[in-house]
Every structure is written in C-alpha cells, then in structure tokens.
Amino acid sequence: MKPIRFDIKNFLIALLLLLFIIKIPRENIYFVFWMLYGILLCCSFDLLIQKFFLKRKLTIKSAIITGFIVSGIIDYNQPWYILLIFSLIAIISKHLIKYKNKHIFNPANFGLFCASLFGVPLTWNIESNIYLIILAGLYIIYRLKKIAHLISFVSVFSLLSLVWFQINPLNLINWFFVFVMLIEPKTSGAGLVKGIILGSVSAGVGMILFKIFPQIDIFVCGLVFANLAIFLQSLLSQAKT
Amino acid sequence: MKKIIIFIVYFFAIGAFSSAIAGTSGNTSVCPVMNGEINKSISFTYKDKDYYFCCPVCVNTFKANPEKYISKIKSSKFEAYQFAFSPEKIVVKKGDIVQLSVSSRDVPHGIYIKEYNINVPVRKGEVKTIEFLADKPGVFPITCSVYCGRDHSTMSGQLIVES
C-alpha cells in the first residue's frame, strides 16, 4: 500500500473532512448521506469522463474536493436530483469550459453559481468552524502563494461593506469562500497583478450584486466573473507578447 | 475560443432570466373564498380594506358573510436578522391564508420555506408581503436563502400548520 503523500490537495481534503465531521452533531443524519452522495457523484462523473472521453490517468482528489464543496454548500433539504444536476455541471464545466488544457472556472463554484441562478438556496453548511478555516486557510494561502488574492479581496470587500452598506465586513465575509474557493490554483492565476484582479473583481461584483440582486449568492457569482477576468487578462497578455 | 465566449454569453443570458423568475416566487395572493389565485381587477372594500378575489361569484359569497372569510386570514410580521428570525415560530391552522410582512433588520436575507415553494429575498429597509394558503399540515423549517454572515447556516425558524 502506498503511503499518503502530503500535498496541498490532501491537506484540503483533510480540512474539508474535519469541517464536515464538526458539523455532523448539529445537523441530522440526512446531512451525512447528502455529503457522501455528493462526493460519490462528483468522483463517479469525473472518473467516467476521464476514462471514456479523455482516456488519461485517473485522478480523484479534485473530484473529492469538488464533491465536498458542492454538497456542503447546497441546502441538504433539497431533492436528490438537485445535487446530481449541479455536481454534474461542476464536473462537466471542468472538462468542457477550458482553454489550453486549463479550466476557466473553479468547477465547484461554477456548479454552485448555476444552482444560485436557478434559485436553489446555498446554506454553506460546510462552514462549520471559522477559526479552523482561517488557521488552515492561511497555511494554504502561504503554500500556494496567494497572499495578493487574499489581501485584495478582503480590502475591496471591507471597503465596500463599510462605505456602501455601513455593515461590519467581519459579520458578512465568508471565510470558507475566501480560504478554500477563491484561491483554487488553476483558475485564480499566479502573481501580484492576477491576485489583485481576482480579489477586486470578485469582491466588487459580489457587492454590486448584494445591492441589486440579493437572491443570487454574491460570493460564487463574484468568483465566476473574477475567473472570467483572469482568463481575459491571460488572453490579453498572450496577444501582447 | 469563439465557442467558449458564445457559450459563456448564452449561459449568462439564461441565468439572468431564470434568476429573475426564481426571485419572484412566493408573492402570489390567494382568494379568501375559493383559495384560488386572485384577479387584481376583482376587488371589494370592507371596513376600509381592499380584498381581492379570483372571480365575481366569490365577491358575492364574501359579501354574504365577510367575517367568516376574514377570520381565515392570519397576518403577522416576520423579521430576519443576523442570525435568527423573529418570531421563531409561526403557528397557523390548515386552511388559513397566511400573510407575512417580511423585513430585514440588518443585511439582506432570504425567507425560504421549501414545502410551500417560498423563496423571497428581503433587504434592510424593505417590507415584502408573502401570502400563501396553509394547505399542508406539519412542521416546516424556515431557513435563510441569502448568505448573511458567519452563522448563516444556523438561521432557522418554523412554520407550524396545525390540522
């Protein structure tokens, strides 16, 4: 048996598992089945696509992370097919909406964005302990070198919350989103410029939506636009060179 | 490349349309006589209050015994705030027409009752009316459907419909 190697994906899976376990006593048994079902769905869809369409070496870690995030955020009182549809959208978006072999949107976030657009409530049950999220998240940010992403998001979000809404940003900010979803390695871009673009577009679009369309989840929707901005910025840089 | 851009634009257009529809659920009004959907052009004023009906026949039925039908309408205020609802429980009887004036004390919240297909976002300063026929007995959870901060997932209330 191969020993489990320490890498950032393993670390993230361990964090998500811990957050899930912490939440179990506060929810009912259906929450446990819902989460396991979501993980199973994402893994199955991803493995099927990899085996039959892409015919490449099978990997499962990303699908586990996607499964945890999608099922941990969508309201678990929804019918089973809701999770099936949006897990499928998340996994398909990873393999379909890509450019030069890199997906454009954070897959889990894209699935949740679709769910939010279609009026499915996102209850963010997985955000069970913010202190653990912040502590582990800071380590992830350090390892992935995403400090610019974090600072720009938190700054713009805080500024707009205070100036535009007179709300204490610490009461509103979603730390699970910031430390787990915003900084997904392939879609968040590397470096200072991309960090500033991602953070500020995500927070800026989110706060605009907060004003005009509160029924849409501001975090997931803001990140979709930010991923798009990173993609367009990459295209522009390539065109220049 | 073009395909990706077309796909994204198309997707956003569909999404915007569907979210506009999704945001309107739960705002229909109920005829106090037949419990059907009201027609805004058919109304009757009783004790300085306008009542709307589904058809002219219902107006005449209502006129014959207005108090009987008015007693079925249960109105109350319902406020959402970080991170609870006030009141925590709404108790009505099966067959009642429930009118909730919903508001938010702080940040945007969403009043969500899955079993009654109600999902109404409300911002601070707004008052929205949710009206529905309590036709299913039971205890139904009321949750917040708009992320409202750290303890968003713990926000819960109850709609109790007694049979």
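Everything numeric in this text was worked out from a predicted model, so none of it was measured.
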Let me know if A/L172 has heavy atoms under 4.5 Å from chain B in its side chain, its backbone, both or neither. both
Under 4.5 Å from any heavy atom of chain B - which part of A/F210: both
Are A/D75 and B/Y112 packed together at the side-chain level, in the sense that at least one heavy-atom pair is separated by less than 4.5 angstrom? yes
A quick test of your reading: do over 12 heavy atoms of other residues, nucleotides or ligands sit less than 6.0 Å from NZ of B/K68? no
Quick check: does any side chain N or O of B/H152 sit under 3.5 Å from a backbone N or O of A/L122, one acting as donor and the other as acceptor? yes
Take atom CD of A/Q166 as the centre, draw a 6.0 Å sphere, and report whether it contains more than 12 heavy atoms from other residues, nucleotides or ligands. yes
Heavy atoms only, distances under 4.5 angstrom: which of B/K124, B/M155, B/Q82 has the most pairs with chain A? Name it, please. B/Q82
Just wondering, are more than 12 heavy atoms of other shown residues or ligands nearer than 6.0 Å to NZ in B/K72? yes
Measure distances from B/R123 to the heavy atoms of chain A and classify the residue's part below 4.5 Å as side chain, backbone, both or neither. side chain
With heavy-atom distances below 4.5 Å as the criterion, would you say the side chains of B/S153 and A/K23 are in contact? yes
Taking side chain as everything from C-beta outward and backbone as N, CA, C, O, which of these in A/I173 sits under 4.5 Å from a heavy atom of chain B? Side chain, backbone, both or neither. backbone
Got A/N174 and B/Y147 here, is their nearest side-chain heavy-atom distance under 4.5 Å? yes
Give me the atom names and distance for the closest heavy-atom approach of B/K114 to A/P79. CE-CD, 4.4 Å
Nearest-0.5 Å distance that lies between atom CG in A/N77 and atom OG1 in B/T143: 7.0 Å
Considering only heavy atoms, which portion of A/D217 lies under 4.5 Å from any heavy atom of chain B: side chain, backbone, both, or neither? side chain
So with a 6.0 Å cut-off around OH of B/Y46, is the heavy-atom count from everything else above 12? yes
